[in-house]
Undergrad: 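One structure, as structure tokens, below. Some questions next.
Since we're looking at a predicted model, the values are computed, not measured.
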Amino acid sequence: EKMTTDWRRNELGFKKRFKEKVNICFQNNDQEKEARVEIEQCEEPDSTLWDASVVLSHYLFSLPPSDLQGKRIIEIGAGCGLVGIAAGMRGASVQITDLPEYVPLMESNIINNKSHIISSGGEVKAISLPWGTLDADQLSCFQAPVDFIVGSDIVYALQGFNELIATMVSLSDKNTVVLVAYEHR
């Protein structure tokens, strides 16, 4: 099975772009072997693999292991969960979040990549998180403030932008690193 290292959605047909499992290789800068991830996707735009998530995942693999090892990370608007799974494969404790209807897809992708996550000392969980100001119970569940908030192509319209900002503010403090990748369309 061919593993892709460069994945451009515009170069793929509909079936490959929106329906098939995607396999991606990441080169560990600290190891000689590649890390491989398998991601299932659905036809809905919110649960397909977008290029920005691949780029951000490659970036996480380019960081020194100590930058992510043991860090608490939340991926917001995760869809398939690639970025959070990649962070988990770098040894982080990650919660990948999206609307409730996407949790089963995220859980499936965690299971598909569990051995790679565990072997790196990481942990990944899928949790529902509608955007907006979080209450005390939600903040406790997410152990806010977190070390990193990551997201890729999470906003493609102004609708929901204020709720996104409120969520990010609720989950962070002055020490939280926020990494967001976006493809201008």
Side-chain angles (χ1 to χ4, degrees), residues 7 9 17-18 22 24 37 39-60 63 67-68 70-90 92-113 117 122-185:
W7 191 74
R9 72 181 165 84
R17 170 66 190 100
F18 292 108
V22 178
I24 301 170
V37 66
I39 297 293
E40 291 181 37
Q41 54 183 347
C42 295
E43 284 185 51
E44 296 181 41
D46 294 340
S47 57
T48 58
L49 194 59
W50 294 98
D51 294 338
S53 65
V54 177
V55 170
L56 185 52
S57 297
H58 277 287
Y59 174 74
L60 294 178
L63 297 174
D67 285 4
L68 297 177
K71 302 294 186 195
R72 291 177 301 110
I73 298 177
I74 290 183
E75 180 183 7
I76 54 176
C80 299
L82 173 63
V83 175
I85 290 169
M89 291 171 67
R90 297 298 282 163
S93 175
V94 184
Q95 294 173 315
I96 56 176
T97 67
D98 210 313
L99 296 173
E101 57 266 31
Y102 303 115
V103 170
L105 176 63
M106 295 185 299
E107 288 174 337
S108 177
N109 284 329
I110 293 168
I111 291 167
N112 290 343
N113 297 285
I117 295 165
E123 171 187 28
V124 181
K125 296 177 184 173
I127 300 174
S128 171
L129 176 63
W131 294 347
T133 303
L134 305 182
D135 63 30
D137 288 340
Q138 290 170 310
L139 291 174
S140 175
C141 172
F142 291 108
Q143 301 174 340
V146 295
D147 299 309
F148 286 82
I149 297 173
V150 297
S152 61
D153 270 338
I154 49 180
V155 175
Y156 49 86
L158 289 177
Q159 190 175 25
F161 190 73
N162 290 334
E163 291 82 3
L164 169 63
I165 297 300
T167 301
M168 294 172 87
V169 168
S170 294
L171 294 170
S172 63
D173 68 9
K174 65 180 182 163
N175 298 312
T176 302
V177 176
V178 178
L179 299 172
V180 177
Y182 171 76
E183 178 182 357
H184 181 70
R185 294 178 180 83

Undergrad: Does Ile117 reach the side chain of Val94, with side-chain heavy atoms less than 4.5 Å apart?
TA: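 No. Closest side-chain heavy atoms not under 4.5 Å.
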Undergrad: Taking the side chain as every heavy atom from C-beta outward, state whether Arg90 and Ile73 have any pair of such atoms under 4.5 Å apart.
TA: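 Result no, sub-4.5 Å side-chain heavy-atom pair not found.
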Undergrad: Taking side-chain hydrogen bond (donor to acceptor under 3.5 Å, both in side chains) as the definition, give me every residue that meets it alongside Asp67, ordered by chain and number, with sequence neighbours left out.
TA: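 Checked Asp67 against side-chain hydrogen bond (donor to acceptor under 3.5 Å, both in side chains); zero matches.
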Undergrad: To check you understand the geometry: which heavy-atom pair defines the closest contact between Cys80 and Ile85, and what is its length?
TA: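 Heavy atoms only, the tightest pair is O-CD1, 4.4 Å.
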Undergrad: Hey, what do you get for CH2 (Trp131) to CD1 (Ile165), rounding to the nearest 0.5 Å?
TA: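 It comes to 9.5 Å.
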Undergrad: Looking only at non-hydrogen atoms, find the nearest pair between Leu60 and Ala87 and report the distance.
TA: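 Nearest heavy atoms, Leu60 then Ala87: CD1-CB, 4.0 Å.
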Undergrad: Nearest 0.5 Å, what's the CD1-CD distance between Ile127 and Gln95?
TA: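 Output value for this atom pair is 4.0 Å.
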Undergrad: Just wondering, do Leu82 and Ile24 contact through their side chains at under 4.5 Å, heavy atoms?
TA: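 Contact flag for Ile24/Leu82 side chains = yes.
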Undergrad: Ala181 and Leu56: which non-hydrogen atoms are nearest, and at how many Å?
TA: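 Taking Ala181 first and Leu56 second, the nearest heavy atoms are CB-CB, 3.9 Å.
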Undergrad: Treating Ser172 as the side-chain partner and Met168 as the backbone partner, does any N or O pair qualify as donor plus acceptor under 3.5 Å?
TA: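 The answer is yes, because a donor-acceptor pair under 3.5 Å joins these two groups.
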Undergrad: Indicate yes or no for a side-chain donor-acceptor contact from Ser170 to the backbone of Ala166 under 3.5 Å, with no hydrogens or angles considered.
TA: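 Side chain of Ser170 to backbone of Ala166, a donor-acceptor pair under 3.5 Å: yes, one is there.
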Undergrad: Under 3.5 Å, sequence neighbours excluded: what are the donor-acceptor pairs made by side chains of residues 138-150?
TA:
unit_1, atom_1, unit_2, atom_2, d
Gln138, OE1, Asp135, N, 2.9
Asp147, OD2, Arg72, N, 2.7

Undergrad: When rounded to the nearest 0.5 angstrom, what distance separates CD in Glu40 from CG in Asn112?
TA: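 It comes to 5.0 Å.
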Undergrad: Measure the CG-CD1 distance between Leu171 and Ile76 for me, rounded to the nearest 0.5 Å.
TA: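 If I round to the nearest 0.5 Å, the distance is 7.5 Å.
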Undergrad: I need the Ser128 OG to Leu99 CG distance, nearest 0.5 Å.
TA: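 One gets 6.5 Å once the value is rounded to the nearest 0.5 Å.
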Undergrad: Which heavy-atom pair separates Gly79 from Asp98 by the least distance, and what is that distance?
TA: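 Closest heavy-atom pair between Gly79 and Asp98: N-OD2, 2.7 Å.
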Undergrad: Go through it in stages, so that I can follow the logic: the residues are Thr167 and Thr97, the test is side chain to side chain contact (heavy atoms under 4.5 Å, CB included), and I'd like the CA-CA distance, side-chain angles, deciding distance and then a yes or no.
TA: CA-CA 11 Å; Thr167 301; Thr97 67; over 6 Å; no
Undergrad: Check whether any side-chain heavy atom of Glu75 sits under 4.5 Å from a side-chain heavy atom of Val124, and report yes or no.
TA: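 No, too far: nothing below the 4.5 Å cut-off.
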Undergrad: Given side chains that start at C-beta, do those of Val103 and Met106 come closer than 4.5 Å, heavy atoms only?
TA: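 Side-chain contact under 4.5 Å: yes.
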Undergrad: To the nearest 0.5 Å, what is the distance between CD1 on Ile96 and CG on Leu129?
TA: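 Result: 12.0 Å between the selected atoms.
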